[in-house]
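Keep in mind the model is a prediction, meaning the values are calculated, not measured. Side-chain atoms are counted along with the backbone in the values below, which use heavy atoms only and exclude waters and symmetry mates.
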Amino acid sequence: MMKRITLPLDEKEIRKLKVGEDVLLTGVVYTARDQAHQKLCDLIIRRKKPPFDLKDQVIYYCGPTPEYPGKIIGSCGPTTSSRMDKFTITLLRNGLKGMIGKGKRSEEVISAIKKYKAIYFLAPSGAGAYLSKFVKKKTLVVWAELGTEAVFRLEVKDFPVIVGIDTQGRDIYAKSK
């Protein structure tokens, strides 16, 4: 049975989620890939305010392609999450509560997810066109010069994900060994 979660995340709600569960997300997610993560962490290290409040938010590791005429967004599939591992702990420490991506995470990130009671969702890879159907609005937030790697605010409805790592640090990839 699909569980429905409203964003921004509520810690009490995500504590109920278990690794492997199917979830539909409705609300706002922010896209960010490697370059945007570097810029976010640079701001935090310099004690400057990030371009959006990280508290209880979800970052989607995605660089959406430009939209076709009459469409809200182009393809918007997940990118490999492990590339963001070196930035993730800093963002979790500063309030980030969830991430959406694909693939395994490092042991350090799994420990941080458990420590900060956060969650890691998996989006279906290779399904960017399909996932675009769940995006209802796209707004540029910052760093337009990064092109598709800029930070976008996406309003999503019933966006399908699977719990990859739950708040207890249980990892779907460890389960499959």
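- No continuous path of hydrophobic side-chain contacts links L91 to L7 [ILVMFWY only; heavy atoms under 4.5 Å].
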Exercise. Dump the intermediate steps for side chain to side chain contact (heavy atoms under 4.5 Å, CB included) on E21 and D166, then the final yes or no.
Key: CA-CA 10 Å; E21 284 187 309; D166 65 22; over 6 Å; no

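- For the residue pair T167 and R15, the shortest heavy atom distance occurs at OG1-CA, 3.7 Å.
- Scanning all heavy atoms of the two residues, the minimum distance from V29 to V156 falls at CG2-CG1, 4.2 Å.
- Here CG of L17 is found 4.5 Å from CD1 of I119. Values are rounded to the nearest 0.5 Å.
- When all heavy atoms of T148 and P66 are compared, the pair lying nearest together is CG2-CD, 4.2 Å.
- Residues I5 and V135 fall within the same hydrophobic cluster, defined by Ile, Leu, Val, Met, Phe, Trp and Tyr side chains chained together at heavy-atom separations under 4.5 Å.
- Connection of L146 to V142 is established within a shared hydrophobic cluster, with ILVMFWY side chains joined at heavy-atom distances below 4.5 Å, either directly or through further cluster members.
- One hydrophobic cluster, built from ILVMFWY side chains closer than 4.5 Å, holds both V141 and W143.
- When all heavy atoms are compared, the tightest approach of S132 to I73 is CB-CG2, 3.7 Å.
- Neither side chain, D34 nor Q38, offers a donor N or O lying under 3.5 Å from an acceptor on the other.
- A donor-acceptor pair under 3.5 Å is absent between the side-chain atoms of T80 and the main chain of R83, judged by distance alone.
- Using modelled atom types, no side-chain atom of S82 and backbone atom of R105 make a donor-acceptor pair closer than 3.5 Å.
- Within the model, atoms NZ of K48 and CG of L40 stand 14.0 Å from one another, a figure rounded to the nearest 0.5 Å.
- Under the 6.0 Å distance and 45° angle rule, R153 does not count as a cation-pi partner of F52.
- At distances below 3.5 Å, not a single donor-acceptor pair connects side-chain atoms of T31 with backbone N or O atoms of G63.
- Of all heavy-atom pairs between N94 and T90, the closest is ND2-O, 2.8 Å.
- With hydrophobic clusters built from ILVMFWY side chains whose heavy atoms lie under 4.5 angstrom apart, I59 shares a cluster with L92.
- Between the side chain of T65 and the main chain of S75, a donor-acceptor pair closer than 3.5 Å is present.
- Remark: T79 OG1 to Y60 OH distance equals 9.5 Å, nearest 0.5 Å.
- Using the six-membered ring where Trp is involved, Y61 and Y120 have ring planes that are tilted, between 30° and 60° apart.
- Between the K117 side chain and the K97 main chain, no donor and acceptor come within less than 3.5 Å of each other.
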